[in-house]
Participant: 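For reference, the structure I am asking about is given below.
Protein chains get the first letters and strands the later ones, always in sequence-line order, with residue 1 at the start of each. The shown structure was predicted, so the numbers you read here are calculated from the model rather than taken from an experiment.
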2 protein chains.
Amino acid sequence: MPDKITIKDIAKEAGVSISTVSRVINGSSPVKKQTKEKVLKAIDKLNYYPDALARSLRVGYTDTIGIIIPNIANPFFATLVRGAEDYLRSKGYSVIICNSDNAVDQEEKLFNILAEKKVDGILYSGIGDHIDKFNQINIPIVFIDRVIKDNRFSYVSSNHYKGMEDLLNYLYSTNHKKYVFISGKKEIFSAFERLRAFEDFTKKYNVEYELLEGEYTYKSGLINGKKIKKIPDVVVCSNDLIAYGVVESFKERKIKVPEDVSVTGYDDIMFSKMFSPALTTVSQPIYEMGKVAAEIIYRLLIKKDDYMPVKLFQNQLVVRESTRRR
Amino acid sequence: MPDKITIKDIAKEAGVSISTVSRVINGSSPVKKQTKEKVLKAIDKLNYYPDALARSLRVGYTDTIGIIIPNIANPFFATLVRGAEDYLRSKGYSVIICNSDNAVDQEEKLFNILAEKKVDGILYSGIGDHIDKFNQINIPIVFIDRVIKDNRFSYVSSNHYKGMEDLLNYLYSTNHKKYVFISGKKEIFSAFERLRAFEDFTKKYNVEYELLEGEYTYKSGLINGKKIKKIPDVVVCSNDLIAYGVVESFKERKIKVPEDVSVTGYDDIMFSKMFSPALTTVSQPIYEMGKVAAEIIYRLLIKKDDYMPVKLFQNQLVVRESTRRR
DNA sequence: TTTTTTAAAGCAAACGTTTTCATAAATAAT
DNA sequence: ATTATTTATGAAAACGTTTGCTTTAAAAAA
């Protein structure tokens, strides 16, 4: 294998010092046109590309952002990540993606790895708060899909409580009397908020309901769907994946949606409109949220002020075919 | 902000040389129990974590793998990536994900970035062949979802031709006479192979058909679905997303699947079984393929021999509700 | 004890860049 | 022409590690 080409080789080839080479690469200070050409020619000839490690070690940043999410195979996060990555790459950043599977200890490990890799910033969506860790590693972070009261931290989230409230009010207004609610893991902020909205709702209208503890997966919907003995007017699911599972479990039992029971989701991932019955759900601007999170971290990085922006998105009820008036 | 803690600080705190600190961190050579304790204590006290950049610069590797795919928001790739990442992380690697959107020039750019970042290996699924580039950057690579005849390169792929052939034979045996085929971009290996199987099929059985050029997206299915004037017996789609789009477009036109027309997909992404009608498709072991690709690159990295493994997966016809005997 | 062997720790170079500071070359001002 | 100013280049330190080699300390053998 051929030896690695370094800036030294270019310098020698072009008959010039390495400082000069560095300067033409980075345009950091003027260099005479004809020497510049020599250098460029040498670079091209030897097929040189600079070592980002060495560079980062020197300059103190890596142009890399870490993203910690539960699971990239969940379309919600895939879309979110895409939103963030598109923006960041346009600004010259790369992205390291880490799946935590919502395990706090795994999250902690990932923070360590990202800190060691010297990422410039972190986008984080997960369970733990890790505040002590953040103080240790001292890397700008923005929380995603979660409201942080600690005003040292930025976040982008959406108004889950309000979204769920809107959905429930709609259901109530269309004559749904008996409810089953399948929650996500309560450690997850969004799941907690949606559940909270549901609990407040049941109190307010003194409505008949059953509460099932699930998690944000298709499988959980499948399992919990089977557990439902008394078919209610509507099964309110804490996210779309759960709803898919519930519908499937009902299909197996020949229970028809929406004829026999309404089913609702949350998130409006791209498949929910294709699902049949097309899912009544609450839409979050997922791609946009990823993008905004990326914008925030970017701003945090370039201007070193203490500006800590925060963005709360509104959610939108979208009524489709999986619900109907009772 | 507090100064960055380096190995030097630990050395001073523990009253020991930096070599010794390095040795206790890496266990690279024996150090007396009691000095080890001092060092560990200092590390803990000062909250030190080593700088992976500096380390990589010295040792010559980064424990990082780059992955280039068209689009992480496509569930096929999300699952694939998850398979790869799970394996790699278990071996101590991190993963940088890059979306190319199937643009050759973007792919090229991404290869450059990954080369500069000194990733140890690359997993690549895309359009271009970039053979010259690979020779330049000299980083182990494994191609995903694509057969490479050049035996200097590894790949994992699946037998798209055979899979499509099986599907078509099944359709033929269930009395489907008139076909519409919606292809993916022909530059993509899998799309090319699936189309090739279809063309051979039409010749072999001299069957009535129409060919529509699409791409691997829901939207493309929607658009091309609308273009279908004469409803055939079956619309064979080059992947599942296209099929979703076609079904949706038919729904708008009150054309019933499978009553009026069969529709098939390819890939069997996780949503296809939840889709209604549940999609008849050809399943690829997506997660497994990602995992195997990761295994291969890992083997390539640890043993520096010239072993160039290659893995071809078989695909499995899965008949569900979106087709029926004519 | 003294010498030999082994184990533990330290020194300093190296990895490939960027950048400060000094110097040389070129241009402008006298 | 000479000096002053600007412009272009080079030398060398620094970023934070690992590791080959040397030295010191400890243990074993004489």
Participant: Taking atom CZ as the centre, does B:F192 end up with more than 12 heavy-atom neighbours from other residues, nucleotides or ligands that are less than 6.0 angstrom away?
Facilitator: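 At most 12 heavy atoms, drawn from other residues, nucleotides or ligands, come within 6.0 Å of this atom.
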Participant: Is it the case that the side chains of A:S125 and A:D145 hold a donor-acceptor pair, with the cut-off being a distance below 3.5 Å and no angle test?
Facilitator: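 Note: A:D145 and A:S125 side chains miss the donor-acceptor criterion.
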Participant: Return a single string for nucleotides 6-14 of chain C, one symbol per nucleotide in 5' to 3' order, where B is base contact, S is sugar-phosphate-only contact and - is none, cutoff 4.0 angstrom on heavy atoms.
Facilitator: --SBBBBBB
Participant: At under 4.0 Å between heavy atoms, what does A:Y48 touch on the DNA or RNA strands: base, sugar-phosphate, or nothing?
Facilitator: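 Here A:Y48 touches the backbone only, sparing every base.
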Participant: Using whole Å, what does the distance between atom P of nucleotide C:dG16 and atom CZ of B:R55 come to?
Facilitator: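 Whole-Å distance recorded here is 16 Å.
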Participant: Compute the ring centroids of A:F134 and A:F111, then answer whether they are less than 6.0 Å apart.
Facilitator: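 For A:F134 and A:F111, the ring centres are under 6.0 Å apart.
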Participant: In whole Å, what is the span from the OH atom of B:Y61 to the P atom of D:dT17?
Facilitator: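 Taking atom P of D:dT17 as the reference, OH of B:Y61 is at 15 Å.
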Participant: For a side chain to side chain contact (heavy atoms under 4.5 Å, CB included) with B:K118, tell me which candidate from B:T64, B:L57, B:T62 qualifies.
Facilitator: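 Of the listed options, the one satisfying the test is B:T62.
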Participant: Can you tell me how far P of D:dT17 sits from CG of B:N26, to the nearest Å?
Facilitator: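 Taking atom P of D:dT17 as the reference, CG of B:N26 is at 11 Å.
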Participant: Mind calculating the distance between NZ (A:K38) and C1' (D:dA8) to the nearest angstrom?
Facilitator: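 The distance from NZ of A:K38 to C1' of D:dA8 comes to 12 Å, rounded to the nearest Å.
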Participant: Check this for me, if you would: do B:D86 and B:R82 make a salt bridge, where the nitrogen-to-carboxylate-oxygen distance has to be below 4.0 angstrom?
Facilitator: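 Salt bridge: yes.
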Participant: Rounded to whole Å, please give me the gap between NZ in B:K118 and P in C:dG16.
Facilitator: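 About 9 Å, once rounded to whole Å.
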Participant: Describe the nucleic acid contact of B:T6 in one word from base, sugar-phosphate, nothing, applying a heavy-atom distance below 4.0 Å.
Facilitator: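 The answer is sugar-phosphate, as B:T6 gets under 4.0 Å only of primed atoms, P, OP1 or OP2.
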Participant: Do B:D51 and A:K117 pass the salt bridge (charged side-chain N to carboxylate O under 4.0 Å, His left out) test, and can you show the C-alpha distance, the side-chain angles, and the key distance before you say yes or no?
Facilitator: CA-CA 7 Å; B:D51 185 321; A:K117 289 215 186 268; over 6 Å; no
Participant: Closer than 4.0 Å, any side-chain N/O of B:Y49 to the OP1 or OP2 of D:dT17?
Facilitator: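 Checking D:dT17 against B:Y49, no side-chain N or O comes under 4.0 Å of OP1 or OP2.
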Participant: Atom CD of A:Q34 and atom P of D:dA8: how far apart are they, to the nearest Å?
Facilitator: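 Atom-to-atom, A:Q34 to D:dA8, this comes out as 12 Å.
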Participant: Ring of B:F313, cation from B:K311 - is the NZ or CZ under 6.0 Å from the centre and inside 45° of the axis?
Facilitator: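 That pair qualifies as a cation-pi contact.
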Participant: Mind calculating the distance between CD1 (A:I7) and C1' (C:dC15) to the nearest angstrom?
Facilitator: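 Spelled out: CD1 on A:I7 to C1' on C:dC15 is 14 Å.
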Participant: Expressed in angstrom and rounded to an integer, what is the separation of A:L57 atom CG from D:dT17 atom C1'?
Facilitator: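 Atom-to-atom, A:L57 to D:dT17, this comes out as 8 Å.
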